[in-house]
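First up is the structure itself, then whatever we jot down about it.
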Amino acid sequence: GNYSNPYVSKFNFETDNFAWSSNITLTSSPIAYLEGIPGYSGNAVSLIATYQGQVIILNINQILSFNATSGDQLWSRDTVASIYRPTNNNGMLLFGASDGNFYALNLSDGNTAWKTRVDGQNLIFTVNNDNITLTTYLIQVQNNQVFWSFGVTQQLGTNSGNRHDQSVGTLCSLDLVSGKLLWTRQIEDPSGSYGFSPGLVVNRDAVYLTENNVLWVFGASNGNLARTLR
């Protein structure tokens with residue numbers, strides 16, 4: 001549809017027609033294109049999960065649930081903060097947000113299972129009235145631990161001849177059940193900026209974090225840095 005009349009539709013490829021179409025009320029104007037900023041490519045109106053007969057839709061800071069059979073809206077949740085990297089883990093939707101919190105929502109009703117503060121500056125496009133580039137990583141879950149990372153490149157220089165950007169990344173681990181912050185680590189990248197193809201993988205007791213030409217390996221249980229490869 002358009003900004004004043006958005007809708008969600010289910011198309012049946014076997015019958016070549018729409019099974020249903022539902023009007024939705026959005027609390028923010030939808031982004032009609034995929035942004036080229038790392039971590040933001042999923043912020044156009046998009047399907048992010050299916051769960052027990054529900055279709056879960058994301059629009060910037062709003063999550064909506066529809067009945068997959070009828071198209072009826074079941075519930076809607078507005079976090080009043082941009083949502084980053086929503087991930088369905090057995091009926092719990094995990095995501096970071098621009099208010100500096102990490103959230104866990106129950107997909108059955110949209111209620112908050114827990115939320116935990118993971119950043120003090122707020123994960124937005126400006127910090128202290130200065131522009132930043134925000135990179136957010138895919139969320140990983142292993143052994144009831146949640147792992148997430150984000151990188152901020154703050155543009156301290158005022159022109160091309162005075163570039164001295166400050167680049168800082170944060171890796172954190174939370175308890176999946178309680179949301180307790182287990183540990184957090186800061187990473188500095190001397191290359192001066194965070195890349196567009198970051199990676200986060202957890203294997204056994206190791207967290208592998210890649211960015212630009214650097215690979216960091218951390219202990220999953222304690223967050224200790226084991227080694228760095230360049």
Side-chain angles (χ1 to χ4, degrees), residues 34-43 82-87 89 94-103 116-176 179-230:
L34 298 181
E35 296 190 45
I37 300 172
Y40 282 76
S41 59
N43 273 15
S82 295
I83 292 171
Y84 309 133
R85 300 296 191 180
T87 302
N89 183 76
L94 307 169
F95 57 87
S98 62
D99 60 4
N101 291 310
F102 192 94
Y103 288 80
T116 302
R117 189 78 165 173
V118 296
D119 179 72
Q121 290 258 37
N122 290 349
L123 302 177
I124 51 179
F125 284 117
T126 59
V127 173
N128 299 328
N129 296 319
D130 198 358
N131 293 328
I132 67 169
T133 299
L134 174 65
T135 303
T136 60
Y137 289 66
L138 291 174
I139 295 165
Q140 302 290 328
V141 179
Q142 179 177 275
N143 297 331
N144 283 328
Q145 272 184 269
V146 181
F147 300 90
W148 188 51
S149 185
F150 51 90
V152 173
T153 300
Q154 189 173 358
Q155 301 171 6
L156 302 179
T158 56
N159 54 60
S160 59
N162 182 27
R163 292 294 297 273
H164 51 282
D165 294 353
Q166 175 179 320
S167 303
V168 178
T170 300
L171 173 65
C172 59
S173 174
L174 305 96
D175 182 84
L176 178 63
K180 178 183 177 181
L181 187 63
L182 301 176
W183 52 258
T184 182
R185 297 289 180 270
Q186 281 204 332
I187 315 131
E188 291 190 9
D189 182 359
S191 64
S193 64
Y194 280 84
F196 283 73
S197 301
L200 173 62
V201 173
V202 183
N203 183 38
R204 298 180 183 176
D205 189 41
V207 181
Y208 299 88
L209 187 69
T210 63
E211 192 281 314
N212 282 335
N213 59 351
V214 186
L215 168 66
W216 294 275
V217 183
F218 299 87
S221 58
N222 54 27
N224 291 339
L225 179 63
R227 61 188 183 275
T228 303
L229 301 175
R230 298 183 186 278

Any chance you could measure [X], atom [atom1], to [Y], atom [atom2], to the nearest 0.5 Å?
X: Thr228; Y: Leu209; atom1: OG1; atom2: CG; result: 10.0 Å
X: Ser82; Y: Asp99; atom1: OG; atom2: CG; result: 9.5 Å
X: Arg185; Y: Leu225; atom1: CZ; atom2: CG; result: 9.5 Å
X: Gln140; Y: Ser149; atom1: CD; atom2: OG; result: 11.5 Å
X: Asn144; Y: Leu174; atom1: CG; atom2: CG; result: 12.5 Å
X: Thr170; Y: Ile187; atom1: OG1; atom2: CD1; result: 6.5 Å

Shortest non-hydrogen contact from [X] to [Y]?
X: Ala97; Y: Tyr103; value: CB-CE1, 3.7 Å
X: Gly96; Y: Ile139; value: N-CD1, 4.4 Å
X: Val214; Y: Arg230; value: CG2-NH1, 3.0 Å
X: Ala206; Y: Ala220; value: N-CB, 4.0 Å

**Of Asn143, Val207, Leu182, Asp205, the residue whose pairing with Ser221 passes side chain to side chain contact (heavy atoms under 4.5 Å, CB included)** = Asp205
**Asked** Relative to each other, are the rings of Trp183 and Phe147 parallel, tilted or perpendicular (30° and 60° limits)?
**Response** tilted
Indicate yes or no: at least one non-hydrogen side-chain atom of [X] is less than 4.5 angstrom from one of [Y].
X: Leu138; Y: Leu200; answer: no
X: Leu94; Y: Leu176; answer: yes
X: Trp148; Y: Phe102; answer: yes
X: Thr184; Y: Val118; answer: no

**Message:** Would you say that more than 12 heavy atoms from the other residues, nucleotides or ligands in this model lie under 6.0 Å from the CZ of Arg204, or not?
**Reply:** no
**Asked** Between the side chain of Thr210 and the main-chain N/O of Gly199, is any donor-acceptor distance below 3.5 Å?
**Response** yes
